[in-house]
Asker: 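I'd like to ask you about the structure that follows.
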Amino acid sequence: MAEVLVFVDHVDGAVRKPTLELLTLARRIGDPVAVALGNGAADTQAALAEHGAVKVLTHEAAEYADYLVVPKVDALQAAYDAVSPAAVLVPSSAEGKEIAARLALRIGSGIITDAVDLEAGDGAPVATQSVFAASYTTKSTVSKGTPVITVKPNSAAVEPAPAAGTVEALTVSFSEQATGTKVTSRTARESTGRPDLTEAAIVVSGGRGVNGAENFSVIEALADSLGAAVGASRAAVDAGWYPHSNQVGQTGKSVSPQLYIASGISGAIQHRAGMQTSKTIVAINKDAEAPIFDLVDYGVVGDLFDVVPALTEEVKTRKG
């Protein structure tokens with residue numbers, strides 16, 4: 001069976017969930033070969049092997065931390081040259097999409113971004129995308145070269161499938177461009193104890209109806225009871241009620257959780273574009289004519305300040 005390169009997103013050897021999802025999708029079209037780079041790359045082997053990687057290509061160098069993007073592109077190209085894969089899969093983060101685009105350009109191949117599903121096709125993998133603000137679903141293939149595909153988090157359930165996971169050292173020669181943009185400092189993001197917004201299985205978001213930064217505690221309480229991430233609409237972010245890093249929408253982050261709860265959000269197209277691929281959508285809004293109700297699985301017409309606290313208490317009660 002053909003081999004499929006999977007770019008590994010990890011933090012000091014701890015493999016992030018989107019990579020495990022990629023391994024699940026990669027097994028549909030070939031044998032996954034993982035590419036782990038940077039500090040702790042060798043420590044990823046156990047998790048990668050458990051989820052189907054037949055081989056793990058590793059390379060540790062200071063360049064991956066000290067410079068932006070290009071060293072990783074150099075390494076992924078080296079892996080591509082060594083393996084001659086049937087496809088290359090990359091997590092669909094901001095960095096992942098830049099890496100994928102640069103690689104596709106170098107190897108003269110087509111690229112598909114923000115796929116939400118992947119299946120074997122007649123000669124090339126078929127990627128499913130949600131396009132035009134999630135108004136349409138398309139199926140696409142790459143007609144030239146080896147497909148380079150970025151996949152959105154939460155697009156597939158993680159399925160363990162133990163494989164050999166043989167570790168091999170990857171030989172990488174960095175290009176002149178690799179040291180062009182240097183990282184001069186880093187500031188650790190303050191931890192909230194909640195899951196990452198784009199990777200969370202449950203997201204609870206608040207909008208204009210929250211009516212103030214001090215009232216987001218109601219949204220946070222429900223999120224914490226569910227073990228969820230907190231999101232916000234553009235209106236709430238523009239008003240200064242919640243950080244831009246938590247904005248869900250066309251100019252914010254795209255999420256695709258198993259459950260999305262929208263509280264006090266009208267459902268403007270800008271917001272819908274960032275959450276419409278969620279598996280189950282629940283809306284709470286006192287305006288029965290709000291556009292958000294056109295796309296939800298469950299809708300509650302009511303004041304969020306009555307409904308959300310009651311829901312939070314019910315969740316806590318059921319959890320014992």
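One is the number of the first residue; the rest follow in order along the sequence. Side chains included, hydrogens not; waters and symmetry mates left out as well; all remaining heavy atoms used.
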Asker: Does a salt bridge link Asp114 with Lys97, judged by any charged N lying under 4.0 Å from a carboxylate O?
Answerer: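 Yes, charged N to carboxylate O under 4.0 Å.
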Asker: Using the side chain to side chain donor-acceptor pair (under 3.5 Å) criterion, which residues pair with Arg208? Sequence neighbours excluded.
Answerer: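 Partners of Arg208 by the side chain to side chain donor-acceptor pair (under 3.5 Å) criterion come out as none, since no residue qualifies.
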Asker: Would you say Lys144 has more than 12 foreign heavy atoms packed within less than 6.0 Å of its NZ?
Answerer: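 Result for NZ/Lys144: open.
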Asker: Using the rule given for side chain to side chain contact (heavy atoms under 4.5 Å, CB included), can you reason through Lys152 versus Ser254, listing the C-alpha separation, both sets of side-chain angles and the distance that settles it, and then say yes or no?
Answerer: CA-CA 8 Å; Lys152 292 179 69 171; Ser254 293; 3.6 Å; yes
Asker: State which residue, out of Asn285, Ile284, Val218, Leu222, fulfils the side-chain contact (heavy atoms from CB on, under 4.5 Å) condition with Val307.
Answerer: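 The option that passes is Ile284.
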Asker: The test is side chain to side chain contact (heavy atoms under 4.5 Å, CB included); show your working for Met275 and Leu295 and say whether it passes.
Answerer: CA-CA 11 Å; Met275 47 66 73; Leu295 64 111; 4.0 Å; yes
Asker: Give a yes or no answer on whether the side chain of Thr150 reaches the backbone of Ser92 with a donor-acceptor pair at less than 3.5 Å.
Answerer: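 Not a single qualifying donor-acceptor pair exists.
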Asker: Quick check: closest heavy atoms across Tyr67 and Ala178, and the distance to 0.1 Å?
Answerer: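 Of all heavy-atom pairs spanning Tyr67 and Ala178, the closest is CB-O, 3.3 Å.
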Asker: With a 3.5 Å distance limit and no angle check, can you tell me whether Glu63 reaches the backbone of Thr179 through a side-chain donor-acceptor pair?
Answerer: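 Not confirmed, Glu63 side chain does not pair with Thr179 backbone.
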Asker: Side chains of Gln129 and Ser140: is there a donor and an acceptor less than 3.5 Å apart?
Answerer: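 Gln129 vs Ser140: donor-acceptor pair found between side chains.
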Asker: Please examine the side chains of Gln258 and Thr280, heavy atoms only from C-beta on, and report whether any two atoms are closer than 4.5 Å.
Answerer: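 Thr280 does not reach Gln258 side chain to side chain.
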Asker: So which atom in Ala79 and which in Leu57 form the shortest heavy-atom distance, rounded to 0.1 Å?
Answerer: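 Minimum heavy-atom contact is CB-CD1, 3.9 Å.
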Asker: Nearest heavy-atom pair of Leu48 and Ala34: which atoms, and what distance?
Answerer: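 Scanning both residues completely, I find the closest heavy atoms to be CD1-CB, 3.7 Å.
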Asker: Hey, what do you get for CZ (Phe293) to CG (Asp287), rounding to the nearest 0.5 Å?
Answerer: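 Rounded to the nearest 0.5 Å, the CZ-CG separation comes to 7.5 Å.
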Asker: Anything under 3.5 Å between a donor and an acceptor, one on a side chain of residues 193-202, the other on a protein residue two or more places apart or in another chain? List them.
Answerer:
residue : atom : partner : partner atom : Å
Arg194  : NE   : Asp224  : OD1          : 2.7
Arg194  : NH2  : Asp224  : OD2          : 3.3
Asp196  : OD2  : Thr198  : N            : 3.1
Asp196  : OD2  : Thr198  : OG1          : 2.7
Glu199  : OE2  : Arg16   : NE           : 3.1
Glu199  : OE2  : Arg16   : NH2          : 2.5

Asker: Pairs in or reaching into residues 198-219: which pass ring pair (Phe, Tyr, Trp, His ring centres under 6.0 Å), with residues at least two apart or in two chains?
Answerer: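 Qualifying pairs, neighbours excluded: Phe216-Tyr242.
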Asker: Heavy-atom distance under 4.5 Å between the side chains of Ile111 and Val142, does that happen here?
Answerer: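 Not in contact.
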Asker: Is the CD atom of Glu214 crowded by more than 12 outside heavy atoms at less than 6.0 Å?
Answerer: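 Yes, the 6.0 Å shell around CD holds more than 12 heavy atoms from other groups.
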Asker: Between Asp74 and Ser175, is there a side-chain donor-acceptor contact under 3.5 Å, judged purely by atom types and distance?
Answerer: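 Ser175 vs Asp74: donor-acceptor pair found between side chains.
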Asker: Locate the shortest heavy-atom distance separating Val203 from Gly231; write the atom from each residue and the value.
Answerer: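 Smallest interatomic distance, heavy atoms only, reads CG1-N, 4.2 Å.
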Asker: Looking at CD of Glu314 and OG of Ser225, how far apart are the two atoms once the value is rounded to the nearest 0.5 Å?
Answerer: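 If we round to the nearest 0.5 Å, Glu314:CD and Ser225:OG are 10.5 Å apart.
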Asker: With a cut-off of 3.5 Å and sequence neighbours excluded, list every side-chain donor-acceptor pair involving residues 3-11.
Answerer:
residue : atom : partner : partner atom : Å
His10   : ND1  : Gly13   : N            : 3.0
His10   : NE2  : Leu37   : O            : 2.6

Asker: Strictly distance-based, threshold 3.5 Å: is any side-chain N or O of Asp117 a donor or acceptor partner for the main-chain N or O of Thr128?
Answerer: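 Such a contact is absent between Asp117 side chain and Thr128 backbone.
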Asker: Flag the pair Val282 / Val296 as yes when at least one side-chain heavy-atom distance between them is below 4.5 Å, and no otherwise.
Answerer: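 In short, these two side chains do not touch, never coming nearer than 4.5 Å.
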Asker: For the residue pair Val148 and Tyr80, establish whether any side-chain heavy-atom pair is separated by less than 4.5 Å.
Answerer: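 Counting from C-beta outward, Val148 and Tyr80 never come under 4.5 Å.
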Asker: Say whether, by atom type as modelled, one donor and one acceptor occur between the side chain of Gln45 and the main chain of Gly165 under 3.5 angstrom.
Answerer: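 It does hold such a pair.
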Asker: Where the side chain of Ser256 meets the backbone of Thr277, is there a donor-acceptor pair that is under 3.5 Å apart?
Answerer: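 A pair under 3.5 Å: yes.
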Asker: Show your working on side chain to side chain contact (heavy atoms under 4.5 Å, CB included) between Val69 and Ile99 and close with a plain yes or no.
Answerer: CA-CA 6 Å; Val69 181; Ile99 291 171; 3.8 Å; yes
Asker: If you define the side chain from C-beta out and look only at heavy atoms, does anything of Val248 sit under 4.5 Å from Lys253?
Answerer: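 Val248 does not reach Lys253 side chain to side chain.
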Asker: If I take atom CG from residue Asn215 and atom CH2 from residue Trp241, how far apart are they, to the nearest 0.5 angstrom?
Answerer: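 Here the rounded value is 8.5 Å.
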Asker: Between Val88 and Val54, is there shared hydrophobic-cluster membership here, with clusters defined by ILVMFWY side-chain heavy atoms closer than 4.5 Å?
Answerer: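 Linked within one cluster.
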Asker: Hydrophobic clusters here meaning ILVMFWY residues chained together by side-chain heavy-atom distances under 4.5 Å, can you tell me if Val33 and Val90 are in one?
Answerer: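 Yes: a chain of side-chain contacts under 4.5 Å links Val33 to Val90.
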Asker: Going by heavy atoms in the side chains, are Val237 and Asn246 under 4.5 Å from each other?
Answerer: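 A side-chain contact under 4.5 Å is absent here.
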Asker: Measuring from Leu68:CG to Glu98:CD, what's the distance to the nearest 0.5 Å?
Answerer: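 Output value for this atom pair is 8.0 Å.
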Asker: Over all heavy atoms of both residues, which pair between Pro32 and Ala26 is shortest? Give the atoms and the distance, please.
Answerer: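 In this case the closest contact between Pro32 and Ala26 is CG-CB, 3.9 Å.
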Asker: Begin with the C-alpha distance, continue with both residues' side-chain angles, and end with the deciding distance and a verdict on side chain to side chain contact (heavy atoms under 4.5 Å, CB included) for Leu89 and Leu118.
Answerer: CA-CA 10 Å; Leu89 305 185; Leu118 193 63; 3.8 Å; yes
Asker: Determine the minimum heavy-atom distance between Gly207 and Ser233, stating which atoms define it.
Answerer: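 Here Gly207 and Ser233 meet closest at CA-OG, 3.2 Å.
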Asker: Going by the rule side-chain contact (heavy atoms from CB on, under 4.5 Å), which residues pair with Thr251 if we only count those two or more places apart in sequence or in a different chain?
Answerer: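 Residues passing side-chain contact (heavy atoms from CB on, under 4.5 Å) with Thr251: Arg234, Gln247, Gln270.
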Asker: Are any non-hydrogen side-chain atoms of Leu304 and Lys286 less than 4.5 angstrom apart?
Answerer: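 No, every pair of side-chain atoms sits at 4.5 Å or beyond.
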Asker: Rounded at 0.5 Å granularity, tell me how far NE2 in His51 sits from NZ in Lys17.
Answerer: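 Atom-to-atom, His51:NE2 and Lys17:NZ are 10.5 Å apart.
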Asker: What I'd like to find out is whether the side chain of Leu25 reaches to under 4.5 Å of the side chain of Ile149, using heavy atoms alone.
Answerer: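 With C-beta onward as the side chain, the pair stays apart.
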Asker: Indicate yes or no for a side-chain donor-acceptor contact from Lys279 to the backbone of Asn154 under 3.5 Å, with no hydrogens or angles considered.
Answerer: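 Looks like yes, one N/O pair under 3.5 Å.
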Asker: Working to the nearest 0.5 Å, report the span between OG1 of Thr44 and CG of Asp12.
Answerer: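 One gets 11.5 Å once the value is rounded to the nearest 0.5 Å.
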Asker: Taking Thr24 for its side chain and Glu159 for its backbone only, find out whether a donor-acceptor pair lies under 3.5 Å.
Answerer: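 Here the side-chain-to-backbone pair exists.
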Asker: Is it the case that one hydrophobic cluster holds both Val126 and Val116, taking links as side-chain heavy atoms less than 4.5 Å apart, direct or via other members?
Answerer: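 Each belongs to a different hydrophobic cluster.
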Asker: For residues 260-267, dump all side-chain donor-acceptor pairs below 3.5 Å to protein atoms at least two apart in sequence or in another chain.
Answerer:
residue : atom : partner : partner atom : Å
Tyr260  : OH   : Ser205  : OG           : 2.8
Tyr260  : OH   : His271  : NE2          : 2.8

